[in-house]
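FYI, the numbering just counts along the sequence from 1.
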Amino acid sequence: MKFLNYGIIILIALISGLESKAQELSGFRLKAEYIPLSRYIPEGNAGKTAQKSDMKRIEGGIGIPLSVKMDSLGRAKVWAVSLGGSYAKIKNQNYDVQLFPDELLNASVGLMHLRPLSKSWNMLFMASAGVYTDMKDISSKDILVMGGVIFIKQFNPNLALGVGPVVSNTFGVPMVLPAIFLNWKTNGKFQVMVNFPEKVELAFKASESIKLKAVAEVSSMTADVGRKDEALLSYLQVISGFQPEFKLSKSLSLQLTAGASLYRSMEFTSRKLKDFFKEQKKENPPHFETTAYGAVGLKWNFGKP
């Protein structure tokens with residue numbers, strides 16, 4: 001189970017959803033979100049506690065195409081640079097000792113290359129390096145390097161399946177994990193979009209400029225917090241809610257989200273590779289109670305490559 005959890009966290013950190021990365025090849029996104037104070041439930045304790053934490057987070061990304069070439073079938077071969085980041089401010093109340101950091105910062109620069117391999121296969125290459133820190137004693141240990149090659153089978157315009165290896169030095173030495181993503185969508189007035197492992201959407205197209213959506217999303221952050229035996233903090237969040245989307249212009253859209261933080265956890269583990277494979281039996285892993293969630297987001301598409 002731990003292997004799966006960290007595989008998802010690393011994959012999200014690298015890809016952040018294939019659709020988002022495709023937009024970042026030539027676009028900009030910005031989102032601010034807020035989760036109010038909710039009770040912390042320690043491992044194995046389902047009872048009420050006085051310990052609470054909230055989170056205010058802003059995240060964004062921009063992609064700048066370096067080279068765009070079209071093949072004989074009109075498909076793009078693109079090289080692009082991406083800049084991305086996420087900053088979280090956390091208020092912690094009623095802890096006997098400070099368990100969680102007050103701040104988290106993930107900031108990275110990456111190189112992406114998208115190219116067709118055949119009529120139905122594409123390849124997406126991504127590599128990034130960045131700082132993943134709690135904003136205290138920033139050092140080389142806070143620098144993480146990630147990369148991956150995803151081979152994408154485009155079954156039809158609405159269905160794509162991607163698989164490939166992802167490499168990360170999160171656990172000290174470079175480690176290879178298998179990655180998989182699924183992108184499926186439908187067209188029409190009622191729409192479904194599945195972007196595994198990040199997002200599921202059910203949408204009603206009220207007009208050309210308004211979509212009313214019900215969404216479920218997974219996001220994560222990670223940081224080296226400098227602890228002797230448990231230096232790696234991994235944050236995982238699952239939210240759902242109502243998300244109207246307004247198309248303000250041909251290239252600019254606004255998203256408002258109101259809903260619930262269904263699951264939120266911050267866990268500390270060792271960064272030693274040998275400890276990664278040690279399965280920890282946790283009948284009730286530490287997490288936070290379900291609470292409200294709100295977000296505002298902007299997306300600006302510079303134009304298709």
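- Counting heavy atoms from C-beta outward, I90 and L104 have side chains that approach closer than 4.5 Å.
- Residue N158 holds its CG atom at 9.5 Å from CD of Q191, rounded to the nearest 0.5 Å.
- Grouping the Ile, Leu, Val, Met, Phe, Trp and Tyr side chains by contacts below 4.5 angstrom, directly or via other members, places V131 apart from L83.
- Scanning for side chain to side chain donor-acceptor pair (under 3.5 Å) contacts around K56 gives D54, with sequence neighbours left out.
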### F268 and S234: CA distance, side-chain angles, deciding distance, side-chain contact (heavy atoms from CB on, under 4.5 Å) verdict
CA-CA 7 Å; F268 299 91; S234 297; over 6 Å; no
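- Looking only at side-chain heavy atoms (C-beta outward), M193 and K199 come within less than 4.5 Å of each other.
- Sorted by first and then second residue, the pairs that involve residues 236-248 and meet salt bridge (charged side-chain N to carboxylate O under 4.0 Å, His left out), not counting sequence neighbours, are K213-E245.
- Distance check, rounded to the nearest 0.5 Å: CG of L248 to OG of S253 gives 7.0 Å.
- The backbone N or O of E217 lies less than 3.5 Å from no partner atom in the side chain of S240, so there is not a single donor-acceptor pair.
- Taking the side-chain contact (heavy atoms from CB on, under 4.5 Å) definition, one finds that L298 meets it with L252, L254, sequence neighbours left out.
- Open room surrounds CG on D137; 12 or fewer heavy atoms of other groups in view lie less than 6.0 Å from it.
- Partners of T291 under the side-chain contact (heavy atoms from CB on, under 4.5 Å) rule, at least two apart in sequence or in another chain, are I35, P36, S38, S261.
- Scored by the side-chain contact (heavy atoms from CB on, under 4.5 Å) test, F155 finds K153, L159, L161 as partners (sequence neighbours excluded).
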### Message
Walk me through whether S53 and N92 qualify under side-chain hydrogen bond (donor to acceptor under 3.5 Å, both in side chains).
### Response
CA-CA 5 Å; S53 297; N92 299 296; 2.6 Å; yes
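- Here the OG-CD1 distance, from S120 to I152, works out to 11.5 Å after rounding to the nearest 0.5 Å.
- Hydrophobic clustering (ILVMFWY, side-chain heavy atoms < 4.5 Å, transitive): L256 and W300 are in one cluster.
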#### Entry: Candidate pair Q237 and Y263, rule side-chain contact (heavy atoms from CB on, under 4.5 Å), full reasoning
CA-CA 6 Å; Q237 170 182 297; Y263 179 81; over 6 Å; no
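- Between F181 and F196, the distance from one ring center to the other does not fall under 6.0 angstrom.
- Residue pairs meeting the salt bridge (charged side-chain N to carboxylate O under 4.0 Å, His left out) criterion with at least one member in residues 85-110, sequence neighbours excluded, do not occur.
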### Message
Under the criterion side-chain contact (heavy atoms from CB on, under 4.5 Å), I'd like the reasoning laid out for Y40 against H287: C-alpha separation, chi angles, the key distance, then a yes or no.
### Response
CA-CA 6 Å; Y40 174 64; H287 61 282; over 6 Å; no
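- In the model, Q154 has no side-chain atom that pairs as donor or acceptor with a side-chain atom of K119 under 3.5 Å.
- L66 and L111 get closest at one heavy-atom pair: CD1-CD1, 4.3 Å.
- Nearest heavy atoms, N122 versus P116: OD1-CA, 3.3 Å.
- Residues that satisfy the ring-ring contact (aromatic ring centres under 6.0 Å, His included) test with F246, not counting sequence neighbours, are absent from this structure.
- For F100 and Y235, the ring centers sit 6.0 Å or farther from each other.
- Residue S219 is tested with K31, R57, E33 for a side-chain hydrogen bond (donor to acceptor under 3.5 Å, both in side chains); the sole match is R57.
- Not a single donor-acceptor pair under 3.5 Å links the side chain of H113 to the backbone N or O of M126.
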### Task
May I have the step-by-step check of side-chain contact (heavy atoms from CB on, under 4.5 Å) for M266 and L233, ending in yes or no?
CA-CA 7 Å; M266 283 192 276; L233 169 65; 3.7 Å; yes
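- Every residue two or more places apart in sequence or in another chain was checked for a side chain to side chain donor-acceptor pair (under 3.5 Å) with Y34, and none qualifies.
- Annotation: salt bridge (Lys or Arg N to Asp or Glu O under 4.0 Å) contacts of K205 (sequence neighbours excluded): E208.
- The closest donor-acceptor contact from the side chain of T186 to the backbone of V192 lies under 3.5 Å.
- Cluster annotation: M123 is connected to W121 through the hydrophobic network of ILVMFWY side chains, with a link wherever side-chain heavy atoms come within less than 4.5 Å.
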If you look only at distance, which donor and acceptor atoms sit under 3.5 Å apart when one is on a side chain in residues 139-149 and the other is two or more places apart or in another chain?
from : atom 1 : to   : atom 2 : distance (Å)
S139 : OG     : K141 : N      : 3.3
D142 : OD2    : S139 : N      : 2.8

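- The structure places CZ of R39 at 9.5 Å from CD1 of I41, a figure rounded to the nearest 0.5 Å.
- Counting heavy atoms from C-beta on, the side chains of L236 and V218 come closer than 4.5 Å.
- Hydrophobic clustering (ILVMFWY, side-chain heavy atoms < 4.5 Å, transitive): L30 and V296 are in one cluster.
- The backbone N or O of A50 sits less than 3.5 Å from a side-chain atom of N94, completing a donor-acceptor pair.
- A distance of 13.0 Å separates CZ of R29 from CG of N301, quoted to the nearest 0.5 Å.
- Under the rule for a salt bridge (Lys or Arg N to Asp or Glu O under 4.0 Å), R264 has no partner lying at least two apart in sequence or in another chain.
- Listed here is the closest heavy atom pair of M221 and S86: CE-O, 3.4 Å.
- The minimum heavy-atom distance linking Q243 with V215 is given by the pair OE1-CG1, 3.7 Å.
- Not counting sequence neighbours, the partners of F242 by the side-chain contact (heavy atoms from CB on, under 4.5 Å) test are L212, P244.
- Atoms CE and CZ, from M55 and F288 in turn, are 8.0 Å apart once rounded to the nearest 0.5 Å.
- Between L124 and F151, every side-chain heavy-atom pair lies at or beyond the 4.5 Å cut-off.
- When all heavy atoms are compared, the tightest approach of S265 to P286 is CB-O, 3.7 Å.
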